[in-house]
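Please read the structure below before turning to the comments.
By convention in this document, chain letters (A, B, ...) are assigned in the order of the sequence lines, proteins followed by strands, and residues within each chain are numbered from 1. The shown structure was predicted, so the numbers you read here are calculated from the model rather than taken from an experiment.
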There are 2 protein chains.
Amino acid sequence: MIPVDAFDLKMLTALQEDGRLTNQQLADTVGLSASQCSRRRMRLEEENVISGYHADLSSDALGFNVIAFIQVQLATHSPDNAKKFRTLVQRVDEVQEAYSLTGDADYVLKAVLRDLKGLSDLVNNVLMPHQSVAHVRSSIVLDRLKETSKLPLKSALA
Amino acid sequence: MIPVDAFDLKMLTALQEDGRLTNQQLADTVGLSASQCSRRRMRLEEENVISGYHADLSSDALGFNVIAFIQVQLATHSPDNAKKFRTLVQRVDEVQEAYSLTGDADYVLKAVLRDLKGLSDLVNNVLMPHQSVAHVRSSIVLDRLKETSKLPLKSALA
DNA sequence: CCGAATTTGCATGCACCTTGCGTCGCAAAC
DNA sequence: GTTTGCGACGCAAGGTGCATGCAAATTCGG
């Protein structure tokens, strides 16, 4: 596995909190020089430990008022069908996350939509008509208790 | 709602793709000057349309091999109990997302863990013993088809 | 204990960011 | 129709941050 020491962990922790930290700020928080932080950061990016930087936009401010989890069962479990579904999911921007799970439903999607009509459109005009899909059941998010993409790095020492 | 024009949308789209874009790079892609991008970006941050910037870390590279969805039913539906659960969820770093949904289960959590033992610990030593929790059912992610936090901005013109 | 390799801090040249300033265009008031 | 006020724009300059070369310090194996 990729070498990550205590300095790296501090840097990663700081950067997943604030992705625009200056090398100097980073240096101050982890206890290294700015040049060293620059070098280490470049290494972490090179090794794909840091896979990218993203601005986090407010879904509320931009009018995305509906989040939904959608459970999808495929028509058949053939590899061909699975591939078709995978392609569909990649293509639809409203679907932020898609997983296959142990248990009942084949797939779970998380979708972000402007309103309930958007959800209806997605379910009835995109998912349901698709040849790979057999059954769809959606649950609407009533309350967001927590929403982050930060990894619990405290336990990590590769 | 907050004024967001076509320039802003282009900037937001670019920034949620690459959060470390330079104002000059931004200027080149949206067709404005760098100074103007700087000003608009500051305004978007001020208005909390851009709520932050984050480094995206590779869970694989850092050894987080298990993702799980956990359905939780509370012992009672009292506000007091809900608040206790909310606090618990905030405190536990392994829980990245937590929602209450329409439908059967009270809450759904998404957790990131180092291994199955980590999941077991979370379920049996953190969630189950907590006074607010009555029932827990976890599903393990077998495959990640898609995982992004980008909003589908193409449709947005507030 | 010594030498090689790695890591670090410092200095520097270059790129970038931000702010002030003058200009432009639009819209309301006259 | 003209004027006036306002907001947005680009340009330029001063300050800041970044990345690379280099030498000192540290680590590690023999």
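Under 4.0 Å is where a charged nitrogen must lie from a carboxylate oxygen, and between B/D93 and A/K150 no such pair does.
The interatomic distance linking A/L44 (CG) with C/dT7 (P) rounds to 12 Å, in whole Å. The CZ atom of B/R43 sits 16 Å away from the P atom of C/dT19 (whole-angstrom rounding). In this structure, A/L32 places its CG atom 18 Å from P of C/dT6, rounding to the nearest Å. Put simply, OH on B/Y53 is 11 Å from P on C/dC17, counting in whole angstrom units. Spacing between atom CG of B/D28 and atom P of C/dA15 amounts to 15 Å, rounded to whole angstrom units. When rounded to the nearest whole Å, the span between CG of B/D8 and P of D/dG7 equals 16 Å. Residue A/F7 contributes atom CZ, which lies 11 Å from atom P of D/dT27 at whole-angstrom precision. One atom, CD of A/Q24, and another, P of C/dC17, lie 18 Å apart when rounded to the nearest Å.
Of the listed residues (B/I67, B/V141, B/D143), just one forms a side-chain contact (heavy atoms from CB on, under 4.5 Å) with A/L101, and that residue is B/V141.
Comparing atom distances between the A/N23 side chain and each of D/dC18, C/dT8, D/dC9 picks out D/dC18 as nearest. For B/M42, counting side-chain heavy atoms from C-beta on, the closest listed nucleotide (D/dC9, D/dA19, C/dT19) is C/dT19.
A donor and an acceptor atom sit less than 3.5 Å apart, one in the side chain of A/R39 and one in the base of C/dG9. Within 3.5 Å, a donor on the side chain of B/S35 pairs with an acceptor on the base of D/dC11, or the reverse.
Residues B/L119 and B/S138 share a closest heavy-atom pair of CD2-OG, 4.4 Å.
The shortest distance between the side-chain N/O atoms of A/S38 and the OP1/OP2 oxygens of D/dC18 is not below 4.0 Å. For B/R41 and C/dC17, the shortest distance from a side-chain N or O to OP1 or OP2 is not below 4.0 Å. For the pair B/Q36 and D/dC9, the criterion of a side-chain N or O lying under 4.0 Å from OP1 or OP2 is met.
Toward the 5′ end of DNA chain D lies the nearest nucleotide of B/S33, the other residue of the pair A/T22 and B/S33 mapping further downstream.
For the pair A/R144 and B/Y99, the cation-pi test (distance below 6.0 Å, angle within 45°) is failed.
For the pair A/D115 (side chain) and A/G118 (backbone), a donor-acceptor distance under 3.5 Å is present.
Note on A/R20: nothing from the nucleic acid sits closer than 4.0 angstrom, heavy atoms only.
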